[in-house]
There are 2 protein chains.
Amino acid sequence: MPTPAPARKRRKEARPSELLAAALSLFVDKGYAATRLEDVATLAGVSKGTLYLYYANKEALFMAVIQEGIVPVLAENEEIAARHTGSSFALLEKLLEHWWSRIGCTAYAGIPKLMVAEARNFPEIAAYYYRNVIARGRALVGAALQRGMDSGEFRRLDIEQTIDVVIAPVLMLLIWDFSLGHFKDTPSDTNAYLAVHMDLMRQGLCVPRV
Amino acid sequence: MPTPAPARKRRKEARPSELLAAALSLFVDKGYAATRLEDVATLAGVSKGTLYLYYANKEALFMAVIQEGIVPVLAENEEIAARHTGSSFALLEKLLEHWWSRIGCTAYAGIPKLMVAEARNFPEIAAYYYRNVIARGRALVGAALQRGMDSGEFRRLDIEQTIDVVIAPVLMLLIWDFSLGHFKDTPSDTNAYLAVHMDLMRQGLCVPRV
DNA sequence: CAACTTAATGACTTTGGGGTCATTAAGTTA
DNA sequence: TAACTTAATGACCCCAAAGTCATTAAGTTG
């Protein structure tokens, strides 16, 4: 007796984004190599064969996940920076807030961990990510810092290093949440963490009032 | 014709550490799943069969790598903290400096990236690492911060959050070096980065002089 | 409703790599 | 130097998961 006819829907439009969401979730959780494409397909409510209808192979799927994850957030932040009037520190706050609302508190938040874990195995994807995300994000923060130093709001510091020191706690927060964060007894309070970071940065960066 | 006799040395004592060093290097570079035990063995100058003489399976090798990586550095830092007299900020500097000399600039520097990437796949190893490394490191920094706040040297801030904000740039530095760091045009200057971090922390943490 | 197009399936093939073990040879002992 | 112990080897087994494709059925057209 042949298997009873399974109910299968034809939804050509919706498949790619559903497959990407499933792949992102599993890649972030287990890592690239330990993720089975059959599991990705199942999580997307589809068979493995269908996945190959939309993505040529596992690496193409990975690349698509990363590209999708970039979204227009960088462009939006560049727009915010261009329009900004007010203190340079307020600009840093705005950038962080927007980035958080569009990446930090979404499923895309897992991408930094994924990219960090797989950068060495996929140098071309990593280079693409570096150019289109990291470099642009660093440029935004760097410009805000430069503006603040020029206006006398910030102390003069090595800009290139300061960019990385300012960004690190934010990136680390995401990476943490997707890795060792669960082993802490007391649940971490994201807002309090970011508040302390900005508090330390405000006093750390700004020229002390005499 | 049988293969000519290969020259093989018997070095029972040296094998384990050589295997661990090779495994650490490849695990950090490629990740756990993408690392082949045959490559680990080859890098250690030994055959795959020999590896199994010393470690029961791949996961046991991974666990050994993590345990080995802990070394007595935490204990040493606890000792440093206990003996310390002087400002609390100077204590933070001492802890960082010792940790850097014993972990940050050695092969063990790759362990944070490895642990972050694999925590979800090996919850028991991750829990072990959390208890024996993370928790103790956080306690050290937390005690230094508490001491500084009690003495009036530091501002009063949420200690738990501040611990993580202070540690994040240091961890991120290591993770960076083993992942996306290579894609930056200008080579990063570790000393300058740490100097800026400590500079920002000093002014950010300390009570402003009136 | 018959003929046709194509989204979707899942059984099948293939392969890379984890793990085993019979064999070999380095070193030791009498 | 013969007999013995054990470190080391690598050919082999086996399975899980990537990737394929003949078949099925959902939807469309006339």
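Values reported hereafter were calculated over all heavy atoms of this structure, with side chains retained and with hydrogens, waters and symmetry mates removed. Everything quoted here is computed from the prediction, not taken from an experiment.
- Annotation: side-chain contact (heavy atoms from CB on, under 4.5 Å) contacts of A:Leu43 (sequence neighbours excluded): A:Ala22, A:Ser25, A:Leu26.
- Looking at residues 14-27 of chain A, you'll see that no heavy atom sits under 4.0 Å from any atom of DNA chain D.
- Atoms CZ (A:Arg10) and C1' (D:dA26) sit 5 Å apart, rounded to a whole Å.
- Here B:Lys30 pairs with nothing under the salt bridge (Lys or Arg N to Asp or Glu O under 4.0 Å) rule; sequence neighbours left out.
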(request) Using a 4.0 Å cut-off on protein heavy atoms (strictly under), produce a 5'-to-3' string for nucleotides 16-21 of chain D with B for base contact, S for backbone-only sugar-phosphate contact, and - for none. (result) -SBBB-

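- Residue B:Thr50 places at least one side-chain N or O under 4.0 Å from the OP1 or OP2 atom of D:dT9.
- Here salt bridge (charged side-chain N to carboxylate O under 4.0 Å, His left out) pairs that include residues 43-70 of chain B, with residues two or more places apart or in two chains, number zero.
- Considering only residues two or more places apart in sequence or on other chains, A:Ala144 meets the side-chain contact (heavy atoms from CB on, under 4.5 Å) condition with A:Leu91, A:Leu92.
- Residues forming a side-chain hydrogen bond (donor to acceptor under 3.5 Å, both in side chains) with B:Lys94 (at least two apart in sequence, or on another chain): B:His84.
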Could you list the donor-acceptor pairs under 3.5 angstrom formed by side chains in residues 127-137 of chain A, with sequence neighbours left out?
from	atom 1	to	atom 2	distance (Å)
A:Asn132	ND2	A:Tyr128	O	2.8
A:Arg136	NE	A:Glu78	OE2	2.9
A:Arg136	NH2	A:Glu78	OE1	3.1

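- With sequence neighbours excluded, the residues that form a ring pair (Phe, Tyr, Trp, His ring centres under 6.0 Å) with A:Phe122 are A:Tyr32, A:Phe62.
- Residues passing the side-chain contact (heavy atoms from CB on, under 4.5 Å) test with A:Asp158, sequence neighbours excluded: A:Glu160, A:Gln161, B:Ala192, B:Val196.
- Remark: side-chain polar atoms of A:Ser188 are not paired, donor with acceptor, to backbone N or O of A:Thr190 under 3.5 angstrom.
- Following rounding to the nearest Å, A:Lys12 (NZ) and C:dT5 (P) show an atom-to-atom distance of 15 Å.
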What does the list of N/O pairs under 3.5 Å between the protein and nucleotides 1-4 of chain D look like, with a distance for each?
none

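- At a threshold of 4.5 Å between non-hydrogen side-chain atoms, the residues A:Val141 and A:Asp164 do not count as touching.
- Within the 4.0 angstrom heavy-atom criterion, only backbone atoms of the sugar-phosphate kind lie near B:Tyr54; the bases stay farther away.
- For the pair B:Lys113 and B:Asp177, the salt-bridge criterion is not met [side-chain N within less than 4.0 Å of a carboxylate O].
- Between B:Met201 and B:Phe154 the shortest side-chain heavy-atom distance does not fall below 4.5 Å.
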Give each protein N/O atom lying under 3.5 Å from an N/O atom of nucleotides 28-30 of chain D, with the pair distance.
none

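- In this structure, B:Asp39 places its CG atom 13 Å from C1' of C:dG18, rounding to the nearest Å.
- Per the geometry, NZ belonging to B:Lys9 stands 11 Å off P belonging to D:dA8, to the nearest Å.
- Taking atom CD of B:Glu13 as the reference point, atom P of D:dA7 lies 10 Å away to the nearest angstrom.
- Remark: the backbone N or O of B:Ala119 is not paired with any side-chain donor or acceptor of A:His182 at under 3.5 angstrom.
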